[in-house]
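Read through the structure below, which is laid out as structure tokens, and then see the notes.
The figures here come from the full heavy-atom set of this structure, side chains too, leaving out hydrogens, waters and symmetry mates. Reminder, nothing fancy here: chain letters follow the sequence lines and each chain counts from 1.
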Number of protein chains: 2
Amino acid sequence: MNSSLKVLMNLSKVQAVISRRFDRLNIHGIGFNDFMVLYLLQQSADEKMRRIDLADKIGVTASGITRMLLPMEKIGLLTRETNERDARVSYVVLTPAGKQLFEDAEKTAKILAEEIIPAGKSKNMNLLSDLLIRLGGDIT
Amino acid sequence: MNSSLKVLMNLSKVQAVISRRFDRLNIHGIGFNDFMVLYLLQQSADEKMRRIDLADKIGVTASGITRMLLPMEKIGLLTRETNERDARVSYVVLTPAGKQLFEDAEKTAKILAEEIIPAGKSKNMNLLSDLLIRLGGDIT
DNA sequence: GCATAATCATTGACTAGTCAAGTAAATATT
DNA sequence: AATATTTACTTGACTAGTCAATGATTATGC
């Protein structure tokens, strides 16, 4: 049977298993997608991003990001900021608490990530990295 | 920052986007995970599998598979069968309706899969396939 | 300059799972 | 043989999203 389809099925399975493994750790109380949000904010120039850009980067819908961010705002990891030029947009801003939590969580996340995809075998990893970029993975 | 972690984040994003694209098609009324269930049953020797084995193959939990299969049984794509040697297990059996739906859905799924990962560039695809197998993707 | 279209974000109603706990049966231990 | 452990599956309570529709604002075409 069609190989592309099999690859897609394996991609789905692998991702499901990995993300459950991450979420089970419950790194400092946040899930893997939440972790990605913190990562993206922390590495962005001024530690803020538009909600829609965050959504696109992590691969959820606009309504998905609204729902994801709510509890993170509630526990003080993020705050809102308006854009003066465009009243439609609302920025997501990383708080010091959010930054601190990210730094802690990152340590645990790194260890698990290395366990799953050993960076030692770098040839494979660079390959996988390239292939994912071609498939739309634009997180750097 | 750690590359393994970035690869995992991109894997998550790519998979989210792809599976949403699939599910949006709503191929013959089923989602991508449902499609995988039908695929696995159809290619298994006697068109039946234990629930736990299905769960493991597609990467969901035991309770996840229970919840997934319910609506599929309700609309007549699957039925149950007991194991006479072991009263704990309950087989999932593909019905003729389920088989028919799979065959229809497969056509659409193949087209979309090729769109996402062109099989023409087979070098890349074989590579990706191998890497996914190493990460636990065991769907053949 | 006004109507039309596009963009950003949210909400209601829903689906697709998760985990933790529990039931029941089979296996292993002693 | 009796007990303890493991395995298969289900259920209750919940989380994490989805889509479709809506509100509000900004950009575009004529």
Counting only side-chain heavy atoms from C-beta out, which of dA25(C), dA20(C), dT10(D) sits nearest to R24(A)?
dA20(C)

Would you check if the side chain of K57(B) reaches a backbone N or O of D138(B) as a donor-acceptor pair within less than 3.5 Å?
yes

Quick one: is dA16(D) close enough that its OP1 or OP2 comes under 4.0 Å of any side-chain N or O from R20(B)?
no

Same cluster or not: L127(A) versus V7(A), using hydrophobic residues (I, L, V, M, F, W, Y) connected whenever any side-chain heavy atoms lie under 4.5 Å apart?
yes

How close do I117(B) and S4(A) get, heavy atom to heavy atom, and via which atoms?
O-OG, 2.8 Å

Rounded off to whole Å, could you give me the CG-to-P distance for the D23(A) and dG17(D) pair?
8 Å

May I ask you to say what A87(B) touches in the nucleic acid, namely base, sugar-phosphate or nothing, with a heavy-atom cut-off under 4.0 Å?
sugar-phosphate

d(CG, D56(B); C1', dC9(D)) in whole Å:
13 Å

Using a heavy-atom cut-off of 4.0 Å across all strands, would you classify S90(A) as base, sugar-phosphate, or nothing?
sugar-phosphate

Could you state the atom-to-atom distance from CD of E81(B) to P of dA8(D) in whole Å?
18 Å

Classify the nucleic acid contact of R51(B) as base, sugar-phosphate or nothing, counting any heavy atom under 4.0 Å across all strands shown.
sugar-phosphate

Report the distance from atom CD of Q15(A) to atom P of dT18(C), rounded to the nearest whole Å.
12 Å

Sidechain-backbone polar pair: R20(A) side chain, G59(B) backbone, donor-acceptor under 3.5 Å:
yes

Please classify the nucleic acid contact of S63(B) as base, sugar-phosphate, or nothing, using heavy-atom distances under 4.0 Å.
base

Starting from the 5' end of DNA chain D, give me the residue, G59(A) or R85(A), whose nearest nucleotide shows up first.
G59(A)

Give one of base, sugar-phosphate or nothing for N33(A), where a contact means two heavy atoms less than 4.0 Å apart.
sugar-phosphate

Shortest non-hydrogen contact between L41(A) and V92(A), atoms and distance
CD2-O, 3.4 Å

Whole angstrom is fine here: how far is it from CG in N26(B) over to P in dA20(D)?
9 Å

Whole-Å distance separating the CG atom of L69(B) from the C1' atom of dT11(D)
15 Å

Using atom CD1 of I65(A) as one end and atom C1' of dT7(C) as the other, report the distance to the nearest whole Å.
17 Å

Nearest heavy atom decides the nucleotide; on that basis, is D34(B) or G64(A) closer to the 5' end of DNA chain C?
G64(A)

Phosphate OP1/OP2 of dA9(C) contacted by T66(A) side-chain N/O (<4.0 Å):
no

OP1, OP2 of dT10(D) versus side-chain N and O of R67(B): anything below 4.0 Å?
no

Under 4.0 Å from OP1 or OP2 of dT10(C): is there any side-chain N or O of R80(A) that close?
yes

Rounded to the Å, how far apart are Y91(B) OH and dA8(D) P?
11 Å

